[in-house]
Each structure stands twice: as C-alpha cells, then as structure tokens.
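Okay, structure first, notes after.
On a predicted model such as this, the values are computed, not experimentally measured, just so you know.
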Amino acid sequence: MAASATRLRRLASAAVAVTACGGAVLLTPSVSSNDRASGHPTVESLRQIINDPSAVVPSRTLQESALIGSKSGPLDILVVGGGATGCGVALDAATRGLRVGLVEREDFSCGTSSRSTKLIHGGKDKSSYVNVYVYAYMNGVRYLEKAVFGLDYGQLKLVFHALEERKQVIENAPHLCHALPCMTPCFDWFEVVYYWMGLKMYDLVAGRRLLHFSRYYSAQESVELFPTLARKGKGRSLRGTVVYYDGQMNDSRLNVGLACTAALAGAAVLNHAEVVSFLKDEGTQRIIGARIRDNLSGQEFDAYAKVVVNAAGPFCDSVRKMANKDALPMICPSSGVHIVLPDYYSPDGMGLIVPKTKDGRVVFMLPWLGRTIAGTTDSSTSITPLPEPNENEIQFILDAICDYLNIKVRRTDVLSAWSGIRPLAVDPNAKNTESISRDHVVSEDYPGLVTITGGKWTTYRRTSFSMAEDAVNAAIKSGKLSPSNECITSNLRLIGGDGWEPSIFTVLAQQYVRMKKSDGGKVVPGVMDTAAAKHLSHAYGTLAERVATIAQNENLGKRLAHGYPYLEAEVAYCARNEYCESAVDFIARRSRLAFLDTDAASHALPRIIEILAREHNWDKSRQKEEMQKAKEFLETFKSSKNAHFHDGKH
C-alpha cells in the first residue's frame with residue numbers, strides 16, 4: 001500500500017498529460033521509485049507505457065497546459081530546441097524521473113536534423129551531428145593508426161564508443177534504421193590493399209559491435225552489384241571495390257519518434273512554440289524559466305524551470321544572447337548540400353562512396369526511400385531558417401559522381417536538392433578560441449542556462465563525449481536536481497520499435513485494404529500492395545496497423561502522389577498522433593516527399609491541406625496561408641523544376 005501511495009503521489013506531481021483514449025483515461029507517468037531502484041524494471045515499465053496498444057501521445061493542448069502549470073511547481077528542465085539533441089535530452093531526462101518540458105520554434109527536426117546524410121556513422125569522425133560523414137574506412141584507419149601506432153588508448157575508446165552507439169541506435173529504432181553496404185571503387189592495386197587492410201583492422205576492433213564483415217569484390221563482381229559503376233575512370237581501369245557496412249536512417253522520422261517517446265515517458269513537448277525571453281530571479285539573476293509564444297495561436301505564457309537547456313542547434317547563439325547580449329559566439333556555421341536523383345542511379349541496397357575527389361572532398365551516392373541521395377559539400381554559410389543550395393554546389397556533386405558512373409549525369413534528373421547548416425562548435429570557455437570542434441560542447445556560461453551544440457546524429461544519445469547524457473548531467477549539477485536513476489536510454493526502444501520485425505508488412509498486405517474515394521465521390525476498394533505495406537511498416541513500425549485501419553475504415557487509402565507509397569491516411573494519423581500541425585510538417589518531416597521529389601510534393605499539397613483542415617478545423621483563410629507557406633518552403637529545394645540552370649555540361 002505504501003508503495004502504491006508513493007507511486008500515486010509521484011504521478012500526481014509529475015503528470016504531464018492526461019489523454020482520453022477509447023473511453024479510458026491514460027496517464028503518461030514517471031516510473032515508480034521501486035522500479036527505479038531495481039534498475040532493469042525501469043526500462044520494462046517505460047517499455048510497457050511506450051508500447052501500450054491503447055496509448056496515445058498527450059494532445060498539444062494538454063502539453064501546453066502542462067508547461068503553463070509549471071508556475072505552481074517548476075519543471076526540473078526546460079529544453080529549447082526540438083532537433084535530435086533536444087529531443088534526446090528530453091527523453092534522457094524524463095526517463096531519469098525528472099520533470100521535463102521542451103519547446104521548438106518550428107517543428108521537431110525542422111532544421112539540421114532532417115537535412116542529414118541519412119547515415120548513422122560508426123567511426124569517430126570530425127563531422128557534425130547530421131550531415132557529412134568522413135566514412136568508416138577513412139576514420140577507422142586514421143584513428144586506429146593513432147591508437148595503435150601512437151599508443152593512444154583515448155582514440156581507441158572513441159572508435160569503440162561510436163561503434164557501440166551506431167549499433168544501439170539501430171537496435172532502438174529497427175523500423176527506421178538498418179545496415180547499408182557501402183562500396184568504394186579502387187582504380188589501382190595500392191588502393192585495394194590499403195582500404196582492405198584498413199577495413200579488416202576496423203572489423204577486428206569493432207568485434208561484437210560490427211554490423212557485417214567488410215569484403216573485397218573483383219571488378220566484374222562490382223559492376224554486377226552496382227550496374228552503373230564505370231569500369232574506367234580518369235584513364236584508369238577499375239581493379240575492384242571494397243565494401244563495408246554503415247547504418248542508414250530516416251532522420252526526421254527518427255527525430256519525431258524521439259519526441260513522441262519522450263512525451264509518452266512524461267515530457268511536455270510542444271512544437272511551434274518559441275522562447276521570446278528568459279525569466280530571471282530578481283536577486284541572483286539566475287534564469288528560472290522562459291516567456292514562450294505559441295506560434296499557432298499567438299498566445300504567450302511563462303514556463304518555469306530549475307534549469308534551461310539550450311539545444312537550438314545553429315541558433316543556439318541567438319538563444320544565449322537573450323540571456324546575455326555580450327555572449328561570445330559558439331557557432332561557426334557550415335553548409336552541406338545534398339541532391340536526390342532517380343532510383344536507377346544506384347541499386348537498391350548498395351551505396352557508393354568516393355573517399356577523395358579531385359579537390360579532396362568525400363562524395364557518396366546512397367539508395368534512400370526508393371531514390372538516390374548524393375552529396376555532399378562543405379562550405380561556410382550564414383545562419384538562416386531556410387538555407388538554400390546554390391547552383392555551383394549542385395554542379396559540384398554532379399561533376400564528382402559523373403567521374404564514377406557509366407551513365408549520363410543530368411541536371412534535369414535532380415528531383416530535389418537541399419542545404420543543411422552544421423553547427424560547428426567553439427567552446428566559449430576555452431583559452432584557445434581559434435580551434436573549431438565538430439564534436440559537441442556543453443557550457444553553462446550564464447547561471448541556469450546550459451548550452452549544448454555540435455556533435456552528430458550518431459551521438460545524440462551518448463558517447464564518451466556524450467550529448468544528451470552530458471547535457472542532462474550538466475543540468476543536474478547546475479540545478480542541484482535529484483534524478484531517480486542513471487541514464488537508461490541505451491536499452492529503450494523508441495515508439496513503434498519494440499516487437500517490430502521486417503516481415504510485419506505481410507500482415508498489412510494480407511489483412512487490410514485501401515478504401516479509396518474517387519473524384520466522383522464513389523468509394524472503391526484497393527489492394528494494400530507490397531510497396532505501401534512495406535512503407536507503412538518502416539515508417540511507423542508496430543503502429544503501422546493504426547494507419548492501415550484509417551486507410552480502410554475512413555476511406556483514406558488513396559496515394560498522395562503518383563509513384564510514391566504515401567497514403568492519405570498518414571496525414572490524418574500524423575495530425576492525431578505525431579503533432580503534425582502544418583502542411584510543411586507533413587511533406588518535410590512526417591513523410592519525406594519534399595526531400596524526395598519537390599514536384600510530387602507540390603502536387604500533393606491540396607489534398608494534404610484538405611485532410612489537415614478537417615483534422616484541425618482550419619478555415620479557408622488558414623488553408624490558403626498553409627498553401628502559400630508550403631509553396632515558399634518547396635522553392636528552397638532546388639529541383640530541376642524550380643531552378644534556373646544550364647545543362648550543357650551533363
């Protein structure tokens with residue numbers, strides 16, 4: 001009885017949301033003290049909450065109410081920024097029994113975290129947390145050389161931790177992440193021997209953390225595996241290829257999964273909510289909360305917290321300057337550009353990586369969601385909410401891959417192109433401020449405000465130089481907080497991941513139909529074909545049946561765009577269950593249509609807005625505004641349909 005009373009008191013004090021679900025009231029609680037004390041049951045309790053078939057994330061209204069209610073009892077931590085790091089911090093803190101809130105000015109994963117290379121890297125690299133990766137054979141060899149020949153155990157630990165994290169991320173979200181073989185062409189025998197030996201050393205070091213063994217393929221075997229690979233390049237003949245395995249992900253859906261999992265674990269997460277100023281204690285001037293504007297309603301409110309964590313990515317300096325207008329910059333922004341090409345550029349299930357182009361850069365081509373993604377560039381840039389790729393960067397990528405393919409590379413084939421800003425970090429407390437780090441930096445240069453920036457997707461959770469874990473530890477120290485347990489996210493599968501198997505799509509194909517409404521209003525049944533079933537399985541994991549049920553029972557089984565598996569039912573599902581509040585939220589982060597094919601996304605907009613209008617009760621004026629904003633957003637993706645270029649070169 002005493003234990004039950006303790007649990008109820010904790011639920012009452014830490015309740016972030018109450019959701020009506022199927023006539024029952026569902027609380028998203030913190031875990032009991034008994035569970036925390038025993039270690040493993042904590043994970044089991046959270047897993048039960050996250051994977052409860054009747055569980056629904058608290059509504060946006062309830063999440064906002066929880067933040068407003070922090071005046072009577074402050075949150076332990078308020079996170080500013082809903083990217084990979086911010087949502088990782090919220091999940092880490094919530095699963096330690098802390099009271100957590102998170103606000104994001106736009107949408108979860110709206111910035112750098114959705115504009116990545118889509119790789120979960122397994123080497124200790126010098127890259128940012130979501131864009132270009134200097135790949136395993138480069139990193140592994142270089143850092144292993146330092147570790148082995150320089151007797152540097154620290155470097156070896158970095159490799160171990162990065163490999164461990166890659167495997168852990170894949171295991172925690174198996175529906176969104178998978179192993180991908182990546183091929184490196186070798187045009188002389190020295191390259192073959194050098195890369196093969198480096199990769200074998202990498203295999204040895206990886207041990208149980210290895211995804212699959214690397215191997216060598218002859219020139220003939222290579223072109224059979226990668227038909228568009230050129231046998232001759234730069235006047236040299238292909239000698240063979242070496243293949244290693246890295247991780248690949250659907251980055252924004254992984255980020256949204258982090259946000260929703262944090263919400264189910266008890267965090268109050270709110271997108272489209274902007275910090276406009278900080279609240280400070282009149283005596284000590286310590287930050288004790290923030291003034292927040294709901295960008296959907298225009299309403300402003302105060303949220304109180306013992307510590308604020310600034311995880312605003314490239315915009316962290318602007319957040320810091322709200323606290324101290326004289327704060328020294330921490331960010332040196334760098335731009336990375338990617339383009340999307342038709343599927344025939346690369347085979348399904350095999351990537352191509354060129355470790356060194358003629359100007360020394362790394363270039364890759366990877367299969368991704370039925371298309372080919374290619375990149376990347378690395379250049380200085382200014383910080384803007386909607387970065388755009390310039391034509392020279394797009395042409396550089398096309399020129400680079402042209403040297404290694406036996407097909408004509410055309411600018412007209414570019415279906416989408418985008419730019420992402422990497423927040424390269426400078427530690428403001430370091431004596432030598434000239435050195436720029438692509439690792440992350442945690443700093444509390446104003447009382448009550450902990451800033452974390454830099455890093456990369458692979459390490460959003462933790463490494464030896466941890467990100468989310470480091471930020472939470474710093475917040476605990478700053479606010480003298482009392483977590484009930486250590487970090488447990490290493491063994492916590494994200495929403496939709498627990499119990500997922502690659503064969504789940506067959507259940508969808510066999511048991512569901514897609515009821516489609518024709519232009520004349522007649523409802524006709526359609527097959528839940530393999531492409532649609534596989535897409536739903538990989539995008540939503542074990543929750544895919546919820547989407548399939550909407551497609552079947554609410555006549556929303558029609559495809560949104562020709563040639564793509566996205567269904568109308570997904571718009572309704574995301575509006576109800578994933579905080580999808582705008583048309584851009586859907587085309588960019590819930591589905592990936594804007595990134596895959598700008599023209600297809602544009603054609604799908606009217607129907608997407610129509611469904612969202614019904615879900616959110618939008619009037620005609622709001623619908624018109626949504627269309628305008630979405631069109632402006634798509635204009636920043638320089639596909640062949642919305643860019644001016646001369647294609648005589650390709």
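- Under 4.0 Å is where a charged nitrogen must lie from a carboxylate oxygen, and between Glu570 and Arg590 no such pair does.
- For Leu296, the side-chain contact (heavy atoms from CB on, under 4.5 Å) partners at least two apart in sequence or on another chain are Arg60, His272, Asp294, Glu581, Arg622.
- When atom types are taken as modelled, the side chain of Glu626 and the backbone of Ala583 share a donor-acceptor pair closer than 3.5 angstrom.
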(request) Could you walk me through whether Thr184 and Thr241 pass side chain to side chain donor-acceptor pair (under 3.5 Å), step by step? (result) CA-CA 5 Å; Thr184 298; Thr241 59; over 6 Å; no

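- Annotation for Gly247 and Leu211: closest pair N-CD1, 4.0 Å, computed over non-hydrogen atoms.
- With sequence neighbours excluded, the residues that form a side-chain contact (heavy atoms from CB on, under 4.5 Å) with Glu224 are Gln220.
- Remark: Arg546 is not positioned above the aromatic ring of Tyr573, lacking an NZ or CZ atom under 6.0 angstrom from the ring centre and at most 45 degrees off the axis.
- At a threshold of 4.0 Å, the pair Asp246-Arg166 counts as salt-bridged, since one of the basic side-chain nitrogens sits closer than that to a carboxylate oxygen.
- Between the SG atom in Cys87 and the CZ atom in Phe108 there is a gap of 5.5 Å [rounded to 0.5 Å].
- Note: Ile397 CD1 to Arg411 CZ = 10.0 Å, rounded to the nearest 0.5 Å.
- A side-chain donor-acceptor contact under 3.5 Å links Gln552 to the backbone of Val513.
- Contact of the Trp368 side chain with the Leu596 side chain is registered, since non-hydrogen atoms from C-beta on lie closer than 4.5 Å.
- A salt bridge does not link Glu632 with Lys629: every distance from a Lys NZ or Arg NE/NH1/NH2 to an Asp or Glu carboxylate oxygen is 4.0 Å or more.
- Side-chain contact between Leu612 and Val571: present, with at least one pair of heavy atoms (C-beta onward) separated by less than 4.5 Å.
- Residues Ile170 and Met249 form no side-chain contact, since every pair of their non-hydrogen atoms from C-beta on lies 4.5 Å or further apart.
- Side-chain contact between Glu106 and Val584 is absent, with no heavy atoms from C-beta onward closer than 4.5 Å.
- Sorted by first and then second residue, the salt bridge (charged side-chain N to carboxylate O under 4.0 Å, His left out) pairs involving residues 524-544 (not counting sequence neighbours) are Arg514-Asp529, Asp529-Arg559.
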(request) Might you work through the side chain to side chain donor-acceptor pair (under 3.5 Å) test for Ser252 and Asn255, ending with a clear yes or no? (result) CA-CA 5 Å; Ser252 73; Asn255 200 152; over 6 Å; no

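- Only one option out of Arg576, Lys516, Lys517 pairs with Glu554 in a salt bridge (charged side-chain N to carboxylate O under 4.0 Å, His left out); it is Arg576.
- Thr261 contributes a side-chain N or O that, together with a main-chain N or O of Gly257, makes up a donor-acceptor pair within less than 3.5 Å.
- Between the CG atom in Asn51 and the CG atom in Leu543 there is a gap of 8.0 Å [rounded to 0.5 Å].
- Applying the side-chain contact (heavy atoms from CB on, under 4.5 Å) test to Ser591 and every residue at least two apart in sequence or in another chain returns Tyr566, Phe586, Leu593.
- Using the six-membered ring where Trp is involved, His175 and Trp500 have ring planes that are tilted, between 30° and 60° apart.
- Between the Ser640 side chain and the Thr412 main chain, a donor and an acceptor come within less than 3.5 Å of each other.
- With Asn295 contributing its side chain and Arg105 its backbone, the two residues share a donor-acceptor pair below 3.5 Å.
- Salt bridge absent: Lys558 and Glu568 never bring a charged side-chain N and a carboxylate O closer than 4.0 Å.
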(request) Evaluate the side chain to side chain contact (heavy atoms under 4.5 Å, CB included) criterion for residues Thr117 and Ile373: first the C-alpha distance (whole Å), next the side-chain angles of each, then the deciding distance (0.1 Å), finally the verdict. (result) CA-CA 8 Å; Thr117 297; Ile373 181 174; 5.9 Å; no

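- By the side-chain contact (heavy atoms from CB on, under 4.5 Å) test, Gln623 pairs with Ile609, Ala613, Trp618, Lys620, sequence neighbours left out.
- Put simply, the side chain of Ser602 reaches to within 4.5 Å of the side chain of Lys631, judged on heavy atoms.
- Looking at Ser419, its side chain never comes within 3.5 Å of a backbone N or O of Pro389 through a donor-acceptor pair.
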(request) List the steps, then state whether salt bridge (Lys or Arg N to Asp or Glu O under 4.0 Å) holds for Glu578 with Arg253. (result) CA-CA 10 Å; Glu578 292 187 353; Arg253 285 212 56 81; 2.6 Å; yes

(request) Report the C-alpha separation of Arg592 and Asn250 in whole Å, then their side-chain angles, then the decisive distance to 0.1 Å, and conclude whether the side chain to side chain donor-acceptor pair (under 3.5 Å) test is met. (result) CA-CA 9 Å; Arg592 309 313 308 276; Asn250 187 335; 2.9 Å; yes

(request) Assess whether side chain to side chain contact (heavy atoms under 4.5 Å, CB included) is satisfied between Leu415 and Asp599, documenting all intermediate values. (result) CA-CA 8 Å; Leu415 302 172; Asp599 194 44; over 6 Å; no

(request) Give the intermediate values and the outcome of side chain to side chain donor-acceptor pair (under 3.5 Å) for residues Tyr540 and Asn577. (result) CA-CA 11 Å; Tyr540 303 94; Asn577 299 282; over 6 Å; no

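- A donor-acceptor pair is defined here as one N or O able to donate and one able to accept, closer than 3.5 Å; such a pair exists between the side chain of His616 and the backbone of Cys580.
- The distance from atom CD1 of Ile495 to atom CG of Leu264, rounded to the nearest 0.5 Å, is 4.5 Å.
- In this structure, Thr372 contributes its side chain and Pro342 its backbone to a donor-acceptor pair below 3.5 Å.
- The backbone N or O of Tyr579 lies less than 3.5 Å from a partner atom in the side chain of Asn271, making a donor-acceptor pair.
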(request) Please test Val547 against Leu567 for side chain to side chain contact (heavy atoms under 4.5 Å, CB included), starting from the C-alpha separation and ending with a verdict. (result) CA-CA 9 Å; Val547 186; Leu567 305 182; 5.6 Å; no

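- The aromatic rings of His338 and Phe364 are tilted relative to each other, their planes meeting at an angle between 30° and 60°.
- Side-chain contact check for Val79 versus Val103: every heavy-atom pair is 4.5 Å or farther apart.
- Heavy-atom minimum distance, Leu508 versus Ala533: CD1-O, 3.5 Å.
- Here the CG-CZ distance, from Leu536 to Phe505, works out to 12.0 Å after rounding to the nearest 0.5 Å.
- Taking a 6.0 Å sphere around CG of Asp348, one finds it holds 12 or fewer heavy atoms contributed by other residues, nucleotides or ligands.
- Ile50 contributes atom CD1, which lies 8.5 Å from atom CG of Asp498 (distance to the nearest 0.5 angstrom).
- The backbone N or O of Tyr345 lies less than 3.5 Å from no partner atom in the side chain of Asp413, so there is not a single donor-acceptor pair.
- With respect to Arg115 and Asp251, no salt bridge is recorded, no charged nitrogen being found less than 4.0 Å from a carboxylate O.
- Remark: Glu391 does not engage Lys638 in a salt bridge, criterion side-chain N to carboxylate O under 4.0 Å.
- Under the 4.5 Å side-chain criterion, counting only non-hydrogen atoms from C-beta, Asp597 is not in contact with Val340.
- Residues Leu258 and Leu494 meet the side-chain proximity criterion, which asks for heavy atoms closer than 4.5 Å.
- Residues passing the ring-ring contact (aromatic ring centres under 6.0 Å, His included) test with Phe633 are Phe637, sequence neighbours excluded.
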